[in-house]
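Structure, as structure tokens:
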Amino acid sequence: MKTVIKAIFSVLFSYIFLLYMKIPINGMIIIGVGIAFYKIWMTKKDFDRIDDKLSYIAFSLLLSISIVLSKHIHPDECNPFATIDEVFIDKFSIVDLIGCLICLFVIVNILNWLIKKIQKLKFNKGELANAKKELKKKNQFMIFGLIFLSWMPYFLIYYPGLIYGDSMGSIYQTVYHLNLSNHHPVFYTIFIAICLKIGYIFSDINAGCAIYTLIQMLYISGLLTYIVSWMYNKGISKILCCFTVIFFAGTATFPQHAISMWKDPIFSITLVYYSLKLYDYIISDGKIEEKERLYWVKLTISMLIISLTRNNGIYILMLSFLSLVILTIKNIKLSKKIYFTHILSIVFIILLTGPGYDILGIQKDKVESYGIPLQQVARVIAYDGNINNVEEEFVNDIIPVEKLKTVYTPQLVDSIKWNEDFNDNFFENHKKEFLKVWFSLFNQNPSIYLASWCLSTYGYWSLNTWSLNYFQANISQGNLEYIKDNDNCGVYNTNLLENPKIDLKKAFSLFTPTPSIAICIWIALFMLFYMWVNKRRKYIILLIPVLGNWLTLLIATPIAYWPRYALSILYMFPVILSIPMLCLYGKEKQDNSDNFSFVNSEK
């Protein structure tokens, strides 16, 4: 009788779970999934310790809440300027609480089954033996050449590279000798200026843009080669390493970003490099310099690039440092050098970008980090939420309230911060007062704030917004038409492979789907959870920088979805998939059999 009852509930729970996952369902699918879940439900649970139980529940609850929230979101990621009539979120009810609990139950059981399956996977000893081998230089050059040359058609077809409205902001500062602004990081603008000046020596501004593009392509393909080499050195199978090369060489999003004059590609690939360096330090027990002489120089340079090419870089470094301290506090004597390196770098960056920029007269970005709070306040106004006269007058001083009602777009803050009526100077001088008003309105309008946050960030966490898998506007959203419709300083695109018989722009299109960032993030979070329950907790440092970048987007993203902001998760993805194998790395002794299983504990 119990078996029949469990079978019935398995079908019922599966139906509700599929409903919240927004998966099209019919009778056969429900029965099939119900049978599969019944078998999963029957799997023996391994919750020996209370912290294991809490870990399973915490991860499952987080995922369940995200699924229920996004079930109610009606987005339009292809139109960031969509209005409140086009993009909205349904009201929640008590039914959603029940749905959340059912999703929680389903996910806990799926996690238990999945973890068991991964732990039973076996690998040949020969694969782990590769952990002590370096990939031959010849093979490294072959990988580098394959990646770089596979991207070359994009460079030649869209010569001198993809130049956007944001790119022109830095170009204007160079060409017209404008005062430097940190809206686009100063050192990124200086790098562009150097490339343009070299270009002028040999030809013109287009040659300078081409030099920038080629340097960026070389840098990114070089570090992607390093990722493959790093994986091989850690004992990852040759097959997975080969698939990684194919992934980097054959996925359109990588060459599209490599030829883009955006700060994101260099920042993102350097962030991944920094993550690998932190992991190397952890697994060496602080003795990394015995294996790598220039480790500290490389680590420091990567930190400087991260913090000086994106304004959120410094916060990612702070989070990484805090995590590093927590994970290595028991071995503090061997960790002093990496603590000192981080502290020195962080202090230097803060002094440089703070008082240093003030002395040099460099303008700082006034609004960027306040994107989501601005959106939440705007939604309160747009939906006639609770707000007193004093608070409304304050908001009116920033931007006229009536104007705010008409320009508010739930998925994009640009319609507010770039509006001609937005008072930059008043906002800059009254940030503390704004935060007080923002907090007061939060207490009065929590549901409006939650709805605003969901519509401002869903693209980075909504697992069941399946349309993100078909998002093709990653490149076009950057406004490639800007150089045609505005002052372009002489920059223009030329198809160097133009052929009247073959349209190569179709074969090497800019309108291709980008892998869903939300799915990649949840896979990364699952791997973090996997390391946690398998007692490989110090290895978590591998994911902290990339997930730190993701957290900054949840706090201050200007747009609900733009994959380029989370590009680092795509560069990191093959490493993320390799984490179960990395959990084997460093095991002191293996048994005498030909195969070995995953380790469940850390000594």
Side-chain angles (χ1 to χ4, degrees), residues 46 51-52 54-64 66-67 107-123 127-128 131 227-228 230-231 234-237 240-241 243-244 247 268 271-280 282-283 316 319-320 323-324 326-327 460-463 515-551 553-554 566-587 597-602:
D46 276 341
D51 63 330
D52 286 338
L54 293 176
S55 299
Y56 273 85
I57 292 172
F59 181 86
S60 302
L61 182 61
L62 185 65
L63 181 53
S64 300
S66 75
I67 289 171
I107 293 169
V108 165
N109 280 275
I110 291 175
L111 279 179
N112 175 70
W113 173 83
L114 189 57
I115 294 290
K116 278 180 167 292
K117 287 293 181 183
I118 294 175
Q119 289 172 343
K120 288 179 181 178
L121 290 175
K122 295 185 178 182
F123 298 90
E127 291 176 336
L128 190 62
I227 291 173
V228 178
W230 184 92
M231 290 171 62
K234 295 297 181 287
I236 305 304
S237 69
L240 186 52
C241 288
F243 273 113
T244 300
F247 176 63
S268 299
L271 189 65
V272 174
Y273 178 80
Y274 169 71
S275 303
L276 302 185
K277 287 300 176 187
L278 289 184
Y279 177 86
D280 285 343
I282 284 286
I283 63 170
I316 298 170
L319 176 63
S320 300
S323 303
L324 195 63
I326 293 171
L327 294 171
Y460 305 107
W461 55 265
S462 179
L463 183 66
S516 169
I517 296 300
I519 290 177
C520 294
I521 286 294
W522 278 107
I523 292 174
L525 290 172
F526 168 75
M527 291 301 179
L528 186 148
F529 169 76
Y530 177 84
M531 289 187 283
W532 183 268
V533 297
N534 278 278
K535 308 302 181 289
R536 295 296 194 199
R537 294 172 184 176
K538 66 180 183 179
Y539 294 175
I540 287 172
I541 196 66
L542 180 64
L543 295 176
I544 294 301
V546 171
L547 291 178
N549 180 54
W550 172 65
L551 289 174
L553 292 174
L554 299 187
L567 181 60
S568 58
I569 196 72
L570 298 181
Y571 288 138
M572 188 76 168
F573 197 62
V575 176
I576 292 170
L577 294 181
S578 305
I579 282 175
M581 289 189 69
L582 290 176
C583 286
L584 291 169
Y585 183 73
K587 191 169 190 268
S597 300
F598 282 102
V599 196
N600 287 323
S601 63
E602 185 179 25

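Position 1 is the first residue of the sequence, and the numbers go up from there.
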Donor-acceptor pair, distance only, cut-off 3.5 Å: does the side chain of [X] make one with the backbone of [Y]?
X    : Y    : value
W550 : Y460 : yes
K535 : V533 : yes
S578 : M581 : no
N112 : V108 : no

Non-hydrogen side-chain atoms of [X] and [Y] separated by less than 4.5 Å:
X    : Y    : answer
F247 : V228 : no
L240 : P574 : no
I569 : N549 : no
L525 : L543 : no
M527 : I540 : no
P515 : F573 : no
L582 : I236 : yes
Y56  : I115 : yes

Go through the steps for V546 and I316 under the test side-chain contact (heavy atoms from CB on, under 4.5 Å), then give the verdict. CA-CA 8 Å; V546 171; I316 298 170; over 6 Å; no
To the nearest 0.5 angstrom, please state how far the [atom1] atom of [X] sits from the [atom2] atom of [Y].
X    : Y    : atom1 : atom2 : result
L62  : I107 : CG    : CD1   : 9.5 Å
L114 : F526 : CG    : CZ    : 4.0 Å
I576 : L547 : CD1   : CG    : 7.0 Å
Y539 : N534 : OH    : CG    : 11.5 Å
L463 : S516 : CG    : OG    : 7.5 Å
L528 : L542 : CG    : CG    : 9.5 Å

C583 to R536 - nearest heavy-atom pair and separation: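 Scanning both residues completely, I find the closest heavy atoms to be O-NE, 2.9 Å.
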Taking every non-hydrogen atom, the tightest pair across P545 and S320: CG-OG, 3.6 Å
Please assess I227 against Y273 for the test side-chain contact (heavy atoms from CB on, under 4.5 Å), listing each intermediate value before the final yes or no. CA-CA 8 Å; I227 291 173; Y273 178 80; over 6 Å; no
Show your working on side-chain contact (heavy atoms from CB on, under 4.5 Å) between Y279 and V575 and close with a plain yes or no. CA-CA 12 Å; Y279 177 86; V575 176; over 6 Å; no
Ring centres under 6.0 Å, that's the criterion: do W532 and F59 meet it?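 Between W532 and F59, the centre distance exceeds or equals 6.0 Å.
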Going by atom types only, do W461 and S66 share a side-chain donor-acceptor pair under 3.5 Å? no
What's the verdict on side-chain contact (heavy atoms from CB on, under 4.5 Å) for L278 and I544, showing C-alpha distance, side-chain angles and the deciding distance? CA-CA 10 Å; L278 289 184; I544 294 301; over 6 Å; no
